[in-house]
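First comes the structure, then the notes that go with it.
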Amino acid sequence: AQKSYARVMKFFVIACCFMFLLIGLYLDALKWIITLKSKAWGEGMYIVPILAMGNVFLGIYYNLSIWYKLTGKNLYGAYITIGGAVLTIALNVLLIPRFHYLGAAIATFTCYLTMMVSSYLLGQRFYPIPYARKKLLSYLALVTFIVLVHRFITYLYPPLWFSILTGTVLFAAFTLFVARIEQKDLARIPYVGKWVGRVNGKR
């Protein structure tokens with residue numbers, strides 16, 4: 001069962017990485033659509049990638065929470081949730097007056113990150129699961145780096161068409177990278193396996 005949970009987690013994180021890239025790389029296009037009626041609607045768009053990664057952490061936390069459900073230690077889940085709520089309130093009180101939208105985004109990001117890490121550490125103590133930790137952290141770090149590079153490039157040259165073009169190239173590059181790294185597991189999935197084989201030069 002532990003190996004199955006680890007495999008599910010890996011594909012969940014990969015799917016979240018793709019969703020994060022879609023949000024981060026096409027943020028300019030989303031902002032353009034949102035601000036068609038009013039420019040004011042795009043005022044807080046810069047915090048969206050922070051919130052998106054925070055919600056990736058929340059999704060990982062929900063996947064990690066299987067350990068306390070299986071071991072009958074649901075009280076730990078309550079402790080983590082209450083701790084996250086207290087942390088969120090404290091950070092909102094401290095950060096929002098000074099940083100406004102960004103303060104709220106940092107509070108959310110920090111809360112979900114803390115809950116995720118806490119659940120992982122406790123879970124490995126009471127119900128060890130062989131998650132591919134280094135690989136998953138590498139994927140998360142890589143997509144964060146890709147989005148930051150894209151933001152820097154579009155800061156230097158901001159036309160919308162260029163943002164969409166470079167975002168598409170970077171998204172395709174990450175897709176090919178994952179297809180190569182996860183070739184064996186992806187090959188077992190119907191239809192997806194055939195595409196992965198073509199990508200990697202196999203018939």
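Along the sequence shown, residues are numbered consecutively beginning with 1. Values below: every heavy atom of this structure, side chains too, minus hydrogens, waters and symmetry copies. Since this is a predicted model, take the numbers as computed values, not measurements.
Checking side-chain atoms of T166 against main-chain N and O of S163 turns up a donor-acceptor pair under 3.5 Å. Side-chain atoms of W67 come within 3.5 Å of backbone N or O of S119 as a donor-acceptor pair.
Pairing each heavy atom of Q2 with each of P130, the nearest pair is CB-CD, 3.7 Å. C17 approaches L140 most closely through the heavy-atom pair SG-CD2, 3.9 Å. Shortest non-hydrogen contact noted between I47 and A105 is CB-CB, 3.8 Å. Between W32 and L160 the shortest heavy-atom distance is CG-CD2, 3.9 Å. Of all heavy-atom pairs spanning A104 and I96, the tightest one is N-CG1, 3.8 Å. The two residues M115 and Y61 make their nearest non-hydrogen contact at O-CD1, 3.4 Å.
To the nearest 0.5 angstrom, L21 atom CG is 11.5 Å from C16 atom SG. How far CD1 of I82 is from CG of L75: 8.0 Å, rounded to the nearest 0.5 Å. Between K37 atom NZ and K39 atom NZ the span is 15.0 Å, to the nearest 0.5 Å. The CG atom of L58 lies 11.5 Å from the CG atom of L113; values are rounded to the nearest 0.5 Å. Taken from CG in L30 to CG in L22, the straight-line distance is 9.0 Å, to the nearest 0.5 Å. The structure places CD1 of I80 at 9.5 Å from CG of L121, a figure rounded to the nearest 0.5 Å.
By the rule that hydrophobic residues join a cluster once side-chain heavy atoms approach within less than 4.5 Å of another member, M45 and I50 end up as members of separate clusters. Residues Y26 and I33 share a single hydrophobic cluster, defined by chaining ILVMFWY side chains whose heavy atoms lie under 4.5 Å apart. Residues V13 and L142 are members of one and the same hydrophobic cluster, defined by side-chain heavy-atom contacts under 4.5 angstrom among Ile, Leu, Val, Met, Phe, Trp and Tyr. In this structure, F99 is a member of the same hydrophobic cluster as L51, with clusters built from ILVMFWY side-chain heavy atoms closer than 4.5 Å. When the side chains of ILVMFWY residues are joined at heavy-atom separations under 4.5 Å, either directly or via intervening members, L64 and L70 end up in a single hydrophobic cluster.
Salt bridge present: E182 and K135 bring a charged side-chain N and a carboxylate O closer than 4.0 Å.
Between V48 and K31 the shortest side-chain heavy-atom distance does not fall below 4.5 Å. Two residues are said to be in side-chain contact when any heavy atoms from C-beta on lie closer than 4.5 Å; R151 and L27 meet this criterion. At least one side-chain heavy atom of V147 sits less than 4.5 Å from a side-chain heavy atom of F20. Side-chain atoms of Y131 and K10, non-hydrogen and from C-beta on, never get closer than 4.5 Å to each other. Side chains of M116 and Y112 form no contact here, defined as non-hydrogen atoms less than 4.5 Å apart. Looking at heavy atoms from C-beta onward, I129 lies in side-chain contact with I66 at the 4.5 angstrom threshold. Contact check for I164 versus D28: no side-chain heavy atoms found under the 4.5 Å cut-off. The side-chain heavy atoms of L136 and I60, taken from C-beta on, include no pair separated by under 4.5 Å.
For F18 and F171, the distance between ring centers is under 6.0 angstrom.
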Do F162 and Y157 pass the ring-ring contact (aromatic ring centres under 6.0 Å, His included) test, and can you show the C-alpha distance, the side-chain angles, and the key distance before you say yes or no?
CA-CA 8 Å; F162 181 74; Y157 189 68; 5.0 Å; yes
Determine, step by step, whether Y79 and S118 satisfy the side chain to side chain donor-acceptor pair (under 3.5 Å) criterion, reporting the C-alpha distance in whole Å, the side-chain angles of both residues, the deciding distance to 0.1 Å, and the verdict.
CA-CA 10 Å; Y79 290 150; S118 300; over 6 Å; no
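A cation-pi contact links K73 to F126, judged by a cut-off of 6.0 Å to the six-membered ring centre and 45° from its axis.
Using cut-offs of 30° and 60° on the angle between ring planes, the pair Y101 and Y46 is perpendicular. Under the 30°/60° scheme for interplanar angles, the aromatic rings of Y139 and F177 are found to stand perpendicular.
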